[in-house]
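This report concerns only the one structure given below.
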2 protein chains.
Amino acid sequence: MVQLVNEKDLSFLLYDVFKAEELTRFPRYAEHDAATFNSILDTARGIAEDFFAPHNAKADHHEPTFDGQNVETIAEVKTAWKQFADAGLLCAQHDYADGGMQLPTLINMAANAYFMSANPSTVAYSFLTAAAANLIQAFGTEAQKNAFVPHMFSGRFSGTMAMTEPNVGSSLGDLTTKAIPQADGTFLIKGQKMFISGGDQDITENIVHLVLARMQDAPQGVKGISLFIVPKFNVHADGTLAERNDVQLAGLLHKMGYRGTTSTVLSFGEQDQCTGYLIGEAGAGLKYMFKMMNEARVGVGLGAAMIGYRGYLASLDYAKNRPQGRLLSNKDPLAKPVSIIQHTDVKRMLLAQKSYAEGSLALCLFAARLIDEHQADGNEDSAILLDLITPVVKSFPSAYGPKANDLAIQVLGGAGYTREYPLEQCYRDNRLNPIHEGTFGIQSLDLLGRKLWLHDGKGLMLLMQRMQQTINETENETIQLLAEIFQLHLETVQNTTQRLGKALAQGQTNQALANSALYLDMMGKTIIAWLWLDMANKALQKFADSRHAEDQQFMAGKIQAAQYFMRWELPEIEHYAKLLNQFDDTCLNMQVDWF
Amino acid sequence: MVQLVNEKDLSFLLYDVFKAEELTRFPRYAEHDAATFNSILDTARGIAEDFFAPHNAKADHHEPTFDGQNVETIAEVKTAWKQFADAGLLCAQHDYADGGMQLPTLINMAANAYFMSANPSTVAYSFLTAAAANLIQAFGTEAQKNAFVPHMFSGRFSGTMAMTEPNVGSSLGDLTTKAIPQADGTFLIKGQKMFISGGDQDITENIVHLVLARMQDAPQGVKGISLFIVPKFNVHADGTLAERNDVQLAGLLHKMGYRGTTSTVLSFGEQDQCTGYLIGEAGAGLKYMFKMMNEARVGVGLGAAMIGYRGYLASLDYAKNRPQGRLLSNKDPLAKPVSIIQHTDVKRMLLAQKSYAEGSLALCLFAARLIDEHQADGNEDSAILLDLITPVVKSFPSAYGPKANDLAIQVLGGAGYTREYPLEQCYRDNRLNPIHEGTFGIQSLDLLGRKLWLHDGKGLMLLMQRMQQTINETENETIQLLAEIFQLHLETVQNTTQRLGKALAQGQTNQALANSALYLDMMGKTIIAWLWLDMANKALQKFADSRHAEDQQFMAGKIQAAQYFMRWELPEIEHYAKLLNQFDDTCLNMQVDWF
């Protein structure tokens, strides 16, 4: 049996670090308690273990095919989809009145963690569908909601987000898909979209595309973009399928990993008969899409974290059970070999993985907690803080999850490089995450060029307050040493941010943003270091007096991983800070002809 | 047409940096000159372009199959093998009398660079064969040489190195394959070997395995290991094939990348009829094997460098030709999109790749130069220096080549993640290199635990002398600033090394070696930084007065890449040095039960 997550860790994060039970004080979650949370998590784990994990490798080997007419996916994907939908997980967070469970985002995120660990490519269909349904539910007309949302919640229809175009990539303002108004209030959609995940498949009866397009005479740039519902099949008012819409699969893209999820090129309106339904106001398409996008970005972070996490657990298991070599101080060739986990360099690779994976999961759950505080309790500060850290929630796990998988392969050595073990698939799958839903570079510009300065920099202030509070809460002497390291580097982050902000305010845009990738990495390490400090404190609070050896070991492991991250990883930001503070122009001044 | 290497760069490295023409002063190379060198390089490039590059992707998609009887590889591999052999490249470095060209290692390494870039998995068969033939030529009896070597040089037979066993991995001293002496002077070999590259195939008539095994009653550990020639088919004195030897392919391993090269599990002596021929003295097997191994380690470094190099060139080409987005300071949505290479973050990713790939190639060519100085000119200092840096030559490219490929994918974004572009294969192929021929961890222990202290530390002294000389040679003001940065960090390396050496001398083995991976990375960055300083100096010397724009651009690019490496990469070692100097015990003290 593949271990999807360390149960002790997940329970610790939910109930001790992020205080899930406190959420039940919000009226929206009042009917929940730890028992209902755990019951839903048990259900999720069971479905993930029984219906998702078993075909993770098979879906990779037998990726979807397209014969020019139909896409074919393996049967296991359909079964998994049905199990997920039937358990109510596609609408778990929605109102009881709409068939949902009013589940806190925090618990929903934890449930999703099992699926992301078990089989990220099969569950991608579910996540996209849930996110698309959420968007229509939030911004659609009553008729649009009635026509699509219940069928997406039930799993009859799936959803996609169709933004990227072949010649446009990340530069959404340049997209050219057209929307031509019709007499009946609908629009004719015409254009091509690329890299559309789940853009076609044979899993659901219908597929609901959310398509960004530009109306005739709309202004250039992002302000001219509107959002449309474009179903694969048109839908009668009672939800039954009407005629095929003019959306054609032009072809499947063949990816290195995440092979179970179709990645498609879609042609809209080749026959000039593609009907689209405008969502909300014309020109506000990107605003609506960003609701879905921000949800998707946290989802990408979670996926990256959990692929990293699963690789960590698999390599840990191997390291404990693989005898090889002797301790360096033992020169006796007759001595029995030790398990490789006894070698310090293997411990290093496992500690790094633990710190990345458990830290990344904590980050995603923290984001989920903020969503709950805002959406269920109206806390605007939480929304501002979430908005600030979303680039980090997307990017830190996406950068360090693959690093964890790289180390997992290395722990296994030659075995890790073979398809006979699961690590190489983790490595291939996870490489997608620094790319989709906004690359690392795009996220870094979003953070340094925009997010930090919204609301007069209030997000950063809120973050610093929370960090200071954690430092102040540190009582134990060992952990205080870590808090001191943290505080030292935190000052660097503050000073660097001020300096860059000043340059931006003075209009030195190109200079100040030149090394934005370093800034994003710096902020990521700082936030993860803070979460580790918090985890160390809370592990100590909870387990210091326990008489169970397992509890003591868990606590010691958390403290040691916090120490690893604080001593080994966090100090790297000093080097980044130097380059940022000097406005190092090495990259900025490199000329094209010099390459 | 795939560009395999920047021709201007290769020529600069060979003739300006590593002074290839000076090698012709050695009697062994006296009949060569730049014209013969270039003629051989042209031949190599032609064969690489015409017969290796075209099936690189195909060999990945159609990996070798095994039906229980025979292995089948695609026809293109056989054609490429024949072209390589017919051009005399399997024995290019050998004596004229043996059919060789007495080619300097430096030029041979450059020729191999084309093949490694074009198709690392097909050329792996050639490299293993050349290395095995070199070993037999060096240590075999006359009869052994006559029976095997000419047929390996001609390409009729291939060669392998069969060391690893399923339960032994890197801990060679524990291997259990047995060698039982027979009355006729041969040995019966019995045991299983794993991860044997090229261990079976349908490319050559015969396969010559070099097998490490233990004679009965041999001492435990590495001193009990002997080396045997074990052919797939026994061979008559005239080179014709005799009966099949008892070597069976137990199965193929399925790798993430390098799929064109078979990776095998081999059973020797299942029928108790496997004949082996002892090479040299009993118990000295590992010493002989390390001749082949050291050659293979430099070869791994070159492969990693060139896969990184090819990815760099492919992503550079894409970045120049892909329009997308606008400069950050340009807010006009009507402005024409720029090529993505104009974006500073893309320049960063290209500069990093350039610094890793061109730096790694320089490192491998430097190693080749040392081999020539030793083997053709008897320079013992060069041998000592080569011995010291071999772990770095193997490891720096293996660690940073994959990083380059990671960045190459990122430059392309979603396209880079698809199999429609060549980058994802580079990324999968290159992941093997930090594993085989000694993992990064093994190399780090070899460097810090052993190599540094041989010959009373003379290797390090020689290295420091060369580095100081380069610093002294720096005349240009811009480059002097880089030399100052280098000197600063070089002092850190010296101090750290002294401190660790002292601890080792005092018997603090576990403490001093606990963080050896950091030390290897530190030394790698230092050596590459030094080579960049040297390249910057020599580019300036050669091109400063040139009136050709291309020359000026090449020079400016070398200086900018040197600046990138010196400012962005090298300073990271200060953090490593701190952990090393503090004998940080985070990893050492982590307990198994805490994970």
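Order of the sequence lines fixes the chain letters, A, B, ..., with proteins taken first and strands second; residue numbering starts at 1 for each chain.
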Minimum heavy-atom distance [X]-[Y], with the two atoms named:
{"X": "Thr344(B)", "Y": "Ala514(A)", "result": "CG2-O, 3.5 Å"}
{"X": "Ala415(B)", "Y": "Phe195(A)", "result": "N-CZ, 3.3 Å"}
{"X": "Leu350(A)", "Y": "Phe595(B)", "result": "CB-CE2, 3.4 Å"}
{"X": "Gln560(B)", "Y": "Thr586(A)", "result": "NE2-O, 2.8 Å"}

In terms of heavy-atom proximity below 4.5 Å to chain B, should [X] be classed as side chain, backbone, both, or neither?
{"X": "Lys558(A)", "value": "neither"}
{"X": "Ile409(A)", "value": "both"}
{"X": "Pro219(A)", "value": "neither"}
{"X": "Asn6(A)", "value": "neither"}
{"X": "Leu313(A)", "value": "neither"}

Specify which of [options] makes the most heavy-atom pairs with chain B at under 4.5 Å.
{"options": "Asp345(A), Leu579(A), Leu327(A)", "answer": "Leu579(A)"}
{"options": "Gly414(A), Ala549(A), Ser516(A), Gly325(A)", "answer": "Gly414(A)"}
{"options": "Gly221(A), Pro323(A), Pro434(A), Gly173(A)", "answer": "Pro434(A)"}
{"options": "Asn510(A), Leu432(A), Leu513(A), Val592(A)", "answer": "Leu432(A)"}
{"options": "Leu445(A), Asn167(A), Thr509(A)", "answer": "Asn167(A)"}
{"options": "Pro337(A), Gly257(A), Gly449(A), Ala561(A)", "answer": "Gly257(A)"}

Please look at [X] and chain A and tell me whether the side chain, the backbone, both or neither of the residue comes under 4.5 angstrom of a heavy atom of that chain.
{"X": "Val168(B)", "result": "backbone"}
{"X": "Asn589(B)", "result": "both"}
{"X": "Leu518(B)", "result": "side chain"}
{"X": "Lys578(B)", "result": "neither"}
{"X": "Leu328(B)", "result": "both"}
{"X": "Lys255(B)", "result": "both"}

Looking at [atom1] of [X] and [atom2] of [Y], how far apart are the two atoms once the value is rounded to the nearest 0.5 Å?
{"X": "Ser329(A)", "Y": "Gln511(B)", "atom1": "OG", "atom2": "CD", "answer": "8.5 Å"}
{"X": "Met590(A)", "Y": "Lys354(B)", "atom1": "CE", "atom2": "NZ", "answer": "5.5 Å"}
{"X": "Ile341(B)", "Y": "Gln591(A)", "atom1": "CD1", "atom2": "CD", "answer": "10.5 Å"}

Next on the checklist: Could you walk me through whether Asp174(B) and Lys336(A) satisfy the salt bridge (Lys or Arg N to Asp or Glu O under 4.0 Å) test, starting with their C-alpha distance in whole Å, then the side-chain angles of each, then the deciding distance to 0.1 Å, before giving a yes or no?
Outcome noted: CA-CA 10 Å; Asp174(B) 290 327; Lys336(A) 230 180 109 187; over 6 Å; no

Checklist entry - Can you check whether Trp568(A) reaches Asp584(B) side chain to side chain, under 4.5 Å on heavy atoms? => result yes

Checklist entry - Given side chains that start at C-beta, do those of Thr418(B) and His254(A) come closer than 4.5 Å, heavy atoms only? => result no

Checklist entry - Quick one: which residues of residues 419-428 of chain B reach chain A at under 4.5 angstrom, heavy atoms only? => result Arg419(B), Glu420(B), Glu424(B), Tyr427(B), Arg428(B)

Next on the checklist: Looking at Gln220(B), I'd like to know if its CD atom is crowded, meaning that more than 12 non-hydrogen atoms belonging to other residues, nucleotides or ligands lie closer than 6.0 Å.
Outcome noted: yes

Checklist entry - How about Lys8(B): does its NZ atom have over 12 heavy atoms from other parts shown lying under 6.0 Å from it? => result yes

Checklist entry - Given Asp406(A) and Lys403(B), is the salt bridge (Lys or Arg N to Asp or Glu O under 4.0 Å) satisfied, shown in steps? => result CA-CA 11 Å; Asp406(A) 179 59; Lys403(B) 275 190 216 284; over 6 Å; no

Next on the checklist: Looking only at the side chains, is there a donor atom on one of Ser171(B) and Gln324(A) sitting less than 3.5 Å from an acceptor on the other?
Outcome noted: no

Checklist entry - What do the steps show when you test Arg567(B) against Asp585(A) for salt bridge (Lys or Arg N to Asp or Glu O under 4.0 Å), and what is the final call? => result CA-CA 10 Å; Arg567(B) 286 202 201 162; Asp585(A) 59 7; 3.8 Å; yes

Checklist entry - Just checking heavy atoms, which of residues 435-442 of chain A are less than 4.5 Å from chain B? => result Ile435(A), Thr439(A), Phe440(A), Gly441(A)

Checklist entry - Under 3.5 Å, side chain of Lys347(A) to main-chain N/O of Leu588(B), donor-acceptor pair present? => result yes

Checklist entry - Given the rule in the side chain to side chain contact (heavy atoms under 4.5 Å, CB included) test, do Tyr417(B) and Ser263(A) qualify, once you have shown the distances and angles that lead to the verdict? => result CA-CA 11 Å; Tyr417(B) 192 65; Ser263(A) 181; over 6 Å; no

